[in-house]
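All chains are named by letter (A, B, ...) in the order of the sequence lines, taking the proteins before the strands, and each is independently numbered beginning at 1. Heavy-atom basis, side chains included; hydrogens, waters and symmetry copies ignored. Owing to the predicted nature of the structure, the values given are computational and were not obtained by experimental measurement.
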There are 2 protein chains.
Amino acid sequence: MVAQETRDRVLDAVRQTGYRPNALARSLRQQESRNLGLVITDLNPFHATLAKGVQDAAEQYDLNVILFTSDESERKERRALETLRSHMPQGLILIPTAHTREHQALLQGLPVVELDRVSGISEAHSVQVDNVGSARSAVQHLTELGHRRIGGIFGHQTVSTATGRLQGYKDALRGAAIPFDPALVQFGDYREASGHEAALHLLSLPANVRPTALFVSSHEMTVGAVLAVRELGVRIPHDVSVVGFDDSRLMQILEPPMTVIAQPTYDLGQAACHTLVSLVRRRAEASVAGTATEPGKKVLLPAPLIVRHSTGPPCDVTTPPSLELST
Amino acid sequence: MVAQETRDRVLDAVRQTGYRPNALARSLRQQESRNLGLVITDLNPFHATLAKGVQDAAEQYDLNVILFTSDESERKERRALETLRSHMPQGLILIPTAHTREHQALLQGLPVVELDRVSGISEAHSVQVDNVGSARSAVQHLTELGHRRIGGIFGHQTVSTATGRLQGYKDALRGAAIPFDPALVQFGDYREASGHEAALHLLSLPANVRPTALFVSSHEMTVGAVLAVRELGVRIPHDVSVVGFDDSRLMQILEPPMTVIAQPTYDLGQAACHTLVSLVRRRAEASVAGTATEPGKKVLLPAPLIVRHSTGPPCDVTTPPSLELST
DNA sequence: ATGAAAGCGCTAACAC
DNA sequence: GTGTTAGCGCTTTCAT
């Protein structure tokens, strides 16, 4: 609602002086920025894909992403949250760590969506993969092939993804009437070396208790496990079947191509952003209408099983692995 | 310089009110934030590693990184630069695109370090890999094995890394007195599909001109090329030697393990950050001393050749590949 | 050693 | 329609 002439005069001045609006001053005045905070635990291919999902979605809402990495460290997470707060973001997307609950105060009043994992703060909104269900379907795939001694390699049980995947493993065993055997379960730190070590241990058990199949619940541990299998001269899937976690070019190219649980990583990031935005919006409305805060919304994305050639019937039940499903 | 009593009184108040300094207001007042802008062209494992290097270094200087992705798009790059400017960063680390030169005005007066590539703005500071030298050593490795028909798969020559690597390829040929043959050179977009296609083309040439070795100048194109080789039923290194680009778990695990040029990706990111900070500091001093602006500083990091098992003597020269170097 | 005031660049509210 | 003003939270300067 400005006269054409004034409009042109202003636009001219803008061009001549090279005027650029200052986002900081704007945010300060409005008490709210066009930023959104994203705190991830590391910057590896998985997290990069998550971040890309978040960024691409954020762009649609004209939001900038301020990225921090906590490296699972309490100090770094605290610093990240403090810094973020002081930048007045609209909200926060956070991969929680073991320390997040101590930092709850830093999140007070800020819309937060927990991504990939869950901190245990019950009101928190979250977007994650169906860890229980996906692990269950992985292990069920193995029981259906006839495996009864199935080794499981999981993350430390301080992280919700790790407890969920262990739960799914147990569920599947129960479903197949196979007793849970703690000797077949190993815990690592989601990194390659620990998967390597765990697989080495499991495959070195005496022949009568040695697992005929392995479910490895993280991408990097899967790589480690496959390398361990190779070192031992054991053949996949003839001597041992392996279901890995997280799909990638590497999993597809391995010899043999791996059967995996494929996380919808990019979608996870996008969903987190969409969830956050709708949360922010509902909040804005609620503050007008004066509605009470609703409980945390939990989004669960399925992670399908992709059957390739690293799984087959156990070799003591014989039937050579001739009729496998192809990709 | 405050009385102890006042100090305590203030600190108490801080605790009770839950006071948090506002970075925005501070930046506005000081006309400078503790932020640094990082604009990358994509968010894949390579760029994630770059970003991690930048972040880790930035942390030492107590700087936050604001990350943007340009996706090589002129619109997105412009938006990223505009947004960044309005956040008053101390400086900018930028992977330039074909459009960066058009956006030079947006960079006016801001310390900028170009990362990985170079835009051609001569005064710009830059941190990159020694593309010419590394490609030269890759191809020289092949000529020394006895190859004379060496296929080259490069990126489009609009990007400095691509021109540099082609240059190195030519240099190495000249050094071995092998004439440059345009028919042996293919150009892709650094992505897997284009590497696949290029390799398919080169390996389908008539036997008398078909290359006995391939130098593939990007990581993803290398994957594509290896897949193409497999599809054709050609054996590496017996029928064709391949030197790939960028090391990774995938390159190490491929059958056979790949000979590659290993970019010091993380270091590249770190170096960019260090360069930027020293640039900012020298600038601050110069503004006091009134010194003239110095020319752009170019940092060149070496990318060593790692010889594994994907390269050997050409098979028409015979001598079976028995005496290879191991990792 | 402490308090007071001005102003960074912006927007919301109000008067003209 | 257009011009003016106050104030977001901080730092710097100046006065006490």
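The distance from atom CG of A:Asp8 to atom P of D:dG1 is 15 Å, rounded to the nearest whole Å. The distance from atom CG of B:Asn22 to atom C1' of D:dG7 is 14 Å, rounded to the nearest whole Å. With rounding to whole Å, B:Gln4 atom CD is found 11 Å from C:dT2 atom P. Atom CD in B:Glu32 sits roughly 18 Å away from atom P in D:dC10 (whole-Å rounding). Rounded to whole Å, atom P of C:dT11 lies 12 Å from atom CG of B:Leu28. Distance B:Arg29 CZ to C:dC10 P: 16 Å, rounded to the nearest Å. One interatomic measurement links the two molecules: CZ of B:Arg85 to P of C:dC10, which rounds to 14 Å at whole-angstrom precision.
Within the 4.5 Å cutoff, no side-chain heavy atoms of A:Leu301 are placed close to those of A:Asp130.
Comparing B:Glu5 and A:Ala23, the nucleotide of DNA chain C nearest to each residue sits closer to the 5' end for B:Glu5.
At the heavy-atom level, B:Thr6 lies under 4.0 Å from the strands shown only through sugar-phosphate atoms. A:Arg20 comes within contact range of the sugar-phosphate backbone alone, with a heavy-atom separation under 4.0 Å but no base atom that close.
Looking at A:Glu114 and A:Ser119, their side chains do bring a donor and an acceptor atom within 3.5 Å of each other. Between the side chains of B:Tyr190 and B:Ser217, no donor-acceptor pair of N or O atoms lies under 3.5 Å. B:Glu77 and B:Thr100 share a side-chain donor-acceptor pair at under 3.5 Å.
Between A:Gln31 and the phosphate of D:dG9, there is a side-chain N or O to OP1/OP2 separation shorter than 4.0 Å. One finds a side-chain N or O of A:Gln30 lying less than 4.0 angstrom from the OP1 or OP2 phosphate oxygen of C:dA12.
Minimum atom distance to the side chain of A:Tyr19 is reached by C:dC10, of the listed C:dC10, C:dG9, C:dA6.
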